Amino acid sequence: MVETRKQLNKKFDHLVLGPAAGQGLSNRLQCQGSKALNRTHSSNGRFGVDGSITFVTVFTIYNSSLNRVDDKSSNTFVGNASYNKVERSMAVLNVFIDFIQVVMPQSEVIILTDPVSDLSVHRNRVSLYPIQGEYSRDKLMLQRIRSYITFLETRLQKLSQNPKDITHYIFTDSDIAVVDDLGQIFRDHPNFHMALTFRNNKAQPLNSGFIAVKGTPDGILRAKLFLQEVLKVYVSKYMSASRMLGDQLALAWVVKSKPQFDASRFAKTVAFSDDIGGTSILFLPCALYNWTPPEGAGQFHGMPLDVKVVHFKGSRKRLMLESWNFYSSTPDIADMLCLILGSGRTKYDF
């Protein structure tokens with residue numbers, strides 16, 4: 001369905017296609033409707049990468065929400081499926097896993113969760129890892145950093161017992177779709193400790209929805225120490241933003257606190273490295289590793305052909321589910337990306 005720009009200001013409960021951004025620009029996906037006119041560039045995957053890759057996300061189901069799922073009037077329909085609020089969240093989590101298992105089938109997925117949560121996931125190569133903490137909505141972003149730190153501490157202990165068992169970690173939000181193999185991060189950039197994604201945004205240049213950690217003892221240790229510093233800044237300066245954005249503000253503060261740090265590099269879409277407090281940080285452009293539909297219609301000027309990760313942040317979770325349904329019916333990543341690109345300006349009901 002094609003809607004006018006005026007209609008796109010409201011939120012929709014059905015898939016909406018508008019004009020695809022970036023048409024006519026070189027190195028951008030070109031589309032005719034949901035049909036790709038050129039092909040995205042696939043990487044060589046994990047060829048030459050030492051060690052395996054595991055995705056880590058934080059996800060929990062609140063017990064209070066489970067008690068309110070009987071009201072069928074609040075159900076959401078996506079395709080032929082009907083979801084209550086909890087089922088909708090679980091559908092997003094499952095699609096997150098689905099994309100990883102299509103694009104990087106040898107990867108594991110670890111879900112960090114509240115020990116008292118009723119979360120249950122029965123999928124191959126997926127495991128739950130309970131970590132004690134405060135998982136209320138108001139503290140979830142703060143808890144996420146704490147959970148990452150705790151998880152890295154346990155990995156460090158495990159690695160000390162078997163130093164040759166190298167596993168690289170990619171910490172992400174659960175509303176992302178991996179659309180190309182990410183092994184090339186570790187192959188092409190052998191000397192970093194952890195990777196962050198950046199964009200041309202003065203207040204929030206770093207997005208916390210994608211963090212990669214080199215699986216060596218030094219990589220895990222330095223990433224843990226860096227996140228501990230971020231946590232310290234978060235608690236001391238940004239608790240008023242503990243529900244949302246506080247972690248990103250704290251990340252930016254720690255990075256920019258380095259004397260002579262050149263923040264003008266955030267305005268370009270070129271990866272670069274810098275040493276922040278003893279941690280070697282690889283800065284990867286959001287345009288490739290954390291591409292979002294609204295920014296694709298804005299500052300990213302469409303979708304680069306070598307995009308690796310699509311982040312359905314905000315009110316675009318419906319688009320994530322619709323995209324998976326589309327891919328399931330016609331398994332072509334490039335065509336699915338055209339569907340996403342054409343919906344970039346649209347806000348949905350969830």
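Every value quoted in this text rests on a predicted model; they were computed, and no experiment measured them.
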Show your working on side chain to side chain donor-acceptor pair (under 3.5 Å) between R318 and T76 and close with a plain yes or no.
CA-CA 10 Å; R318 170 181 288 278; T76 300; 5.2 Å; no
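- Minimum interatomic distance between Q30 and N38 (heavy atoms only, all atoms of both residues): N-OD1, 2.9 Å.
- Ring to ring, F261 and F266 are close: their centroids are under 6.0 angstrom apart.
- Annotation for L251 and S208: closest pair CD1-CB, 3.9 Å, computed over non-hydrogen atoms.
- V126 is connected to L128 through a chain of hydrophobic side-chain contacts under 4.5 Å among Ile, Leu, Val, Met, Phe, Trp and Tyr, so both are in one cluster.
- Annotation: cation-pi pair K214/F186 absent, no NZ/CZ under 6.0 Å from the ring centroid and within 45° of its normal.
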Validation: residues 300-308 side-chain donor-acceptor distances under 3.5 Å, sequence neighbours left out:
| residue | atom | partner | partner atom | Å |
| --- | --- | --- | --- | --- |
| H301 | ND1 | G298 | O | 3.3 |
| H301 | NE2 | Q299 | O | 3.4 |
| K308 | NZ | D180 | OD2 | 3.0 |

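- Inspection of the N290 and R199 side chains reveals no N or O donor paired with an N or O acceptor under 3.5 Å.
- Annotation: side chain of P19 is in contact with side chain of R345 (closest heavy-atom distance under 4.5 Å).
- Under the 30°/60° scheme for interplanar angles, the aromatic rings of F96 and F55 are found to stand perpendicular.
- Linking ILVMFWY residues whenever their side-chain heavy atoms come closer than 4.5 Å, directly or via other members, leaves L25 and L29 in distinct clusters.
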Given L142 and E134, is the side chain to side chain contact (heavy atoms under 4.5 Å, CB included) satisfied, shown in steps?
CA-CA 9 Å; L142 188 64; E134 175 55 75; over 6 Å; no
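- Shown here for S147 and V58, the closest heavy-atom pair between the two residues is CB-CG2, 4.3 Å.
- Contact record, Q204 with L249: CG-CD2, 3.9 Å, taken as the closest heavy-atom pair.
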Stepwise, does the side chain to side chain contact (heavy atoms under 4.5 Å, CB included) test hold for Y169 with T54?
CA-CA 5 Å; Y169 297 101; T54 290; 3.9 Å; yes
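- Looking at heavy atoms from C-beta onward, M141 lies in side-chain contact with Y234 at the 4.5 angstrom threshold.
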Check the pair I166 / L159 against side chain to side chain contact (heavy atoms under 4.5 Å, CB included), numbers first and verdict last.
CA-CA 8 Å; I166 300 296; L159 198 56; 4.3 Å; yes
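- When side chains are defined from C-beta on, L140 counts as touching Y135, because their heavy atoms get closer than 4.5 Å.
- Taking a cutoff of 4.0 Å between a charged side-chain nitrogen and a carboxylate oxygen, R39 and D335 qualify as a salt bridge.
- Looking at V235 and L231, their side chains come closer than 4.5 Å, going by heavy atoms from C-beta outward.
- Inter-residue side-chain proximity for S343 and L17 is flagged as met; some heavy-atom pair is nearer than 4.5 Å.
- Between the CG atom of L319 and the OG atom of S323 there is a distance of 4.0 Å, given to the nearest 0.5 Å.
- The shortest side-chain heavy-atom distance between F283 and P285 does not fall under the 4.5 Å cut-off.
- Taking both residues in full, the closest heavy atoms of A177 and F312 are given as CB-CE1, 3.8 Å, listed atom of the first, atom of the second, then distance.
- Summarising the geometry, atom CG belonging to N207 is positioned 15.5 Å from atom OH belonging to Y289; distances are rounded to the nearest 0.5 Å.
- With hydrogens and angles ignored, the 3.5 Å screen pairs no side-chain donor or acceptor of S52 with any backbone N or O of T167.
- With rounding to the nearest 0.5 Å, the separation of CG in N325 from CE in M336 is 11.5 Å.
- Cluster annotation: V92 is not connected to F77 through the hydrophobic network of ILVMFWY side chains, with a link wherever side-chain heavy atoms come within less than 4.5 Å.
- For residues 165-194, there are no disulfide bond (SG atoms under 2.5 Å apart) pairs, not counting sequence neighbours.
- When atom types are taken as modelled, the side chain of E87 and the backbone of N84 share a donor-acceptor pair closer than 3.5 angstrom.
- Residues L206 and Q248 have side chains not in contact (no heavy-atom distance under 4.5 Å, counting atoms from C-beta outward).
- Electrostatic pairing of D332 and K35 does not count as a salt bridge here, judged by no charged N lying under 4.0 Å from a carboxylate O.
- Screening D173, T197, T292 for a side chain to side chain donor-acceptor pair (under 3.5 Å) with H311, the sole residue that qualifies is D173.
- Judged purely by atom type and a 3.5 angstrom limit, T172 has no side-chain atom pairing as donor or acceptor with the backbone of F210.
- Two different hydrophobic clusters hold L37 and V179 under the rule that ILVMFWY side chains link at heavy-atom gaps under 4.5 Å.
- The NZ atom of K11 sits 8.5 Å away from the CG atom of D349 when rounded to the nearest 0.5 Å.
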Residues L337, L341; criterion side chain to side chain contact (heavy atoms under 4.5 Å, CB included); working and verdict
CA-CA 6 Å; L337 292 176; L341 183 59; over 6 Å; no
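- To the nearest 0.5 Å, atom CG of residue L321 and atom CG of residue L15 are 11.0 Å apart.
- Proximity of F226 to L196: side-chain heavy atoms (C-beta onward) are separated by under 4.5 Å at one or more points.
- Atom NZ of K232 sits in a sparse spot, with 12 or fewer heavy atoms from other residues, nucleotides or ligands closer than 6.0 Å.
- The list of side-chain hydrogen bond (donor to acceptor under 3.5 Å, both in side chains) pairs with a residue in residues 270-283, not counting sequence neighbours, reads K258-D274, R265-D274.
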Could you list the donor-acceptor pairs under 3.5 angstrom formed between side-chain atoms of residues 150-157 and any protein atom two or more places apart in sequence or on another chain?
| residue | atom | partner | partner atom | Å |
| --- | --- | --- | --- | --- |
| T150 | OG1 | R146 | O | 3.1 |
| T154 | OG1 | Y129 | OH | 3.3 |
| T154 | OG1 | F151 | O | 2.6 |

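- Atom CG of N124 has 12 or fewer heavy atoms from other residues, nucleotides or ligands within 6.0 Å.
- The two atoms that bring I170 and I53 nearest to each other are CD1-CG2, 3.9 Å, heavy atoms only.
- Separating the CG atom in L93 from the CD1 atom in I61 is a distance of 8.5 Å, to the nearest 0.5 Å.
- Screening residues 323-350 for ring pair (Phe, Tyr, Trp, His ring centres under 6.0 Å), with sequence neighbours left out, gives F99-W324, W324-Y327.
- Remark: the backbone N or O of C31 is paired with a side-chain donor or acceptor of Q23 at under 3.5 angstrom.
- Between the E108 side chain and the V56 main chain, no donor and acceptor come within less than 3.5 Å of each other.
- Ring planes of H14 and F12: perpendicular class, angle over 60° (limits at 30 and 60°).
- At least one donor-acceptor pair closer than 3.5 Å links the side chain of R222 to the backbone N or O of G278.
- For the salt bridge (charged side-chain N to carboxylate O under 4.0 Å, His left out) test, no residue two or more places apart in sequence or in another chain qualifies with D188.
- Using a distance-only test at 3.5 Å, with no hydrogens or angles considered, no donor-acceptor pair links the side chain of E322 to the main chain of I340.
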